[in-house]
There are 2 protein chains.
Amino acid sequence: MGLGEIVNGLLTSRERLIWEASLARNARDYMKRADLAREGERPVALRIILAGWAQKYKQMPDGRRQILGLVLPGELCDLDLFTVARTDHSIAAVRRLSVAEISRPDAQRLFEQCPNLAPALCWAAIIGAAVQREWTINIGQRNALERVAQLLCEIYVRQRDVPSGGGGSCDFLLTQGQMAEAMGLTQVHVNRVVQQLRLRCAVEIRNMRLEIPDFAQLAALASFNATYLHLGEPAMLVERARMLFLPDLDGRDRPIDGALSSAI
Amino acid sequence: MGLGEIVNGLLTSRERLIWEASLARNARDYMKRADLAREGERPVALRIILAGWAQKYKQMPDGRRQILGLVLPGELCDLDLFTVARTDHSIAAVRRLSVAEISRPDAQRLFEQCPNLAPALCWAAIIGAAVQREWTINIGQRNALERVAQLLCEIYVRQRDVPSGGGGSCDFLLTQGQMAEAMGLTQVHVNRVVQQLRLRCAVEIRNMRLEIPDFAQLAALASFNATYLHLGEPAMLVERARMLFLPDLDGRDRPIDGALSSAI
DNA sequence: CGCGGACATTCACCCATGTTAAGTTGCCGA
DNA sequence: TCGGCAACTTAACATGGGTGAATGTCCGCG
């Protein structure tokens, strides 16, 4: 189960109906590059990506810009937006984007109706931190080729939810300029690297699609190791956390408490 | 209130007694460079730094190493260590280190006795993610001088819990080599930068102490903006989150639920 | 059909940072 | 007191990746 599937995977079928109805009711579109949230603002809504990609980013006073992470369909964007007094980073649409925006009062009602929702969201926040750590080491230690290869691997795996050994393709909505902003490189140099990867027949990027003929080769180039995505863990762990902290529960009556446990 | 003070600040005086007794009972020392946790292992205990510094780090197969963040006295190390199936990063002592290690069963008992503990810990996890984001942009966008200046600013502010305008000094336990691992630079280049900062009378590092004659100057060099540390927010926000998700509570009977809210 | 904008590509140049390899200092333990 | 190690300095040299600017390519729109 990947990041995008966490919520669906942990809900009961009844809860899933409520959840999906709520998403549909609150859908909203953004144009390419539009900001969903800006650094320093007061966060106002819980957001879930329905279609398209969003980018978390931060901008320095002189204009330098770093993409901190991507938010793919099905993922939350972003949990601390709901907890913190002032957001410390911005979020924008990569291209045309469709999100569900759930206001505070609505969210409150939703959480009461879907007790399994909270644990799922907490889990997603923890994974988000793990991914951020991987980005830090990626930018800090890898060279340009490895960085780009790693980014492509992550995007591929996150969309397929399986670190498959063979090849395949997936959506890819970033421009080379955005890849550069994400990896701390220049657009020109990303272009050099992408061409090098192309020459080696490691990847082909075209028409908003990423093709990876041989995933194992690309993963080797990047020293990619998918464990930081913690694929497949959430269901097991929310359960484990519940038992750990609330062993006297039958697991259904007050499962909302499990959320707490899962975050500790 | 800074990261290190979160727990103390949010507990009632009775809870604080229990908490501190528990810490004292479970104290344990590590030698310089010893690992408290290793990537890929199953996490076993909740840890709180009592004295000294710890470093979160990640190592690549070929030996390249990136320090992902520091854990200062009073801080937790690390929350997801308690949630995840396999740790995705390692933790080591920077120098001689004293921590409290609380086993799972003990932790469970502790959380039952101190309902305000959980919200505090959740909050700390969220701040941890924010700090990680700042490190990403630091390494991705800033040049060597700015990076080092930023690191020094963060360490200074985190230890004083106040982004003061004047000057002052604080503990500083990192070697130049460790600073290099943290900022994605080489030890040699960190040395060049430190000397440059010294020449400009921006900092002096000596005897495990960091002296900053003029914090404003250093902050300007680094484009340092302390908001990502969310200083002073936790007490307010745990309260806010509680009211948001559990408006029918009087705020004392089941405050443990506030933890959940604070993480969403 | 042709224009304009967004993106990709290429090139020449050069600088910030890495590399390697000596020193040098200073502390700690025998 | 001395030896030895860890940390810090310094220097000469190498290079990955940045800069700036021009050109190419595609695509949507009037």
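On a predicted model such as this, the values are computed, not experimentally measured, just so you know. Here is the naming used below: chain letters follow the sequence lines, and residue numbers restart at 1 for every chain.
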Base, sugar-phosphate, or nothing for Arg33(B), non-hydrogen atoms under 4.0 angstrom? sugar-phosphate
Looking for any heavy atom pair under 4.0 Å, which part of the strands does Arg198(B) touch: base, sugar-phosphate only, or nothing? sugar-phosphate
Round to the nearest Å and state the distance from [X] atom [atom1] to [N] atom [atom2].
{"X": "Gln196(A)", "N": "dA8(C)", "atom1": "CD", "atom2": "P", "value": "18 Å"}
{"X": "Arg147(B)", "N": "dA16(C)", "atom1": "CZ", "atom2": "P", "value": "13 Å"}
{"X": "Met208(B)", "N": "dC27(C)", "atom1": "CE", "atom2": "P", "value": "10 Å"}
{"X": "Asn207(B)", "N": "dG26(C)", "atom1": "CG", "atom2": "C1'", "value": "10 Å"}
{"X": "Arg64(A)", "N": "dG17(D)", "atom1": "CZ", "atom2": "C1'", "value": "16 Å"}
{"X": "Gln141(A)", "N": "dG17(D)", "atom1": "CD", "atom2": "C1'", "value": "17 Å"}

Between Tyr156(B) and Asp171(B), do the side chains contain a donor N or O and an acceptor N or O under 3.5 Å apart? no
Identify, residue by residue, the members of residues 183-194 of chain B with a heavy atom below 4.0 Å from DNA chain C, and return them in order of residue number, or none. Gly184(B), Leu185(B), Thr186(B), Val188(B), His189(B), Arg192(B)
Using a heavy-atom distance cut-off of less than 4.0 Å, which residues of residues 169-177 of chain B contact DNA chain C? none
Specify whether Trp53(A) and Phe172(A) have parallel, tilted or perpendicular ring planes, treating 30° as the upper limit for parallel and 60° as the lower limit for perpendicular. perpendicular
Phosphate oxygens OP1/OP2 of dC7(C): is one of them under 4.0 Å from a side-chain N or O of Lys32(A)? yes
With axes from five pairs an end, tell me the bend angle of the helix from dC1(C)-dG30(D) to dA30(C)-dT1(D), nearest 10°. 40°
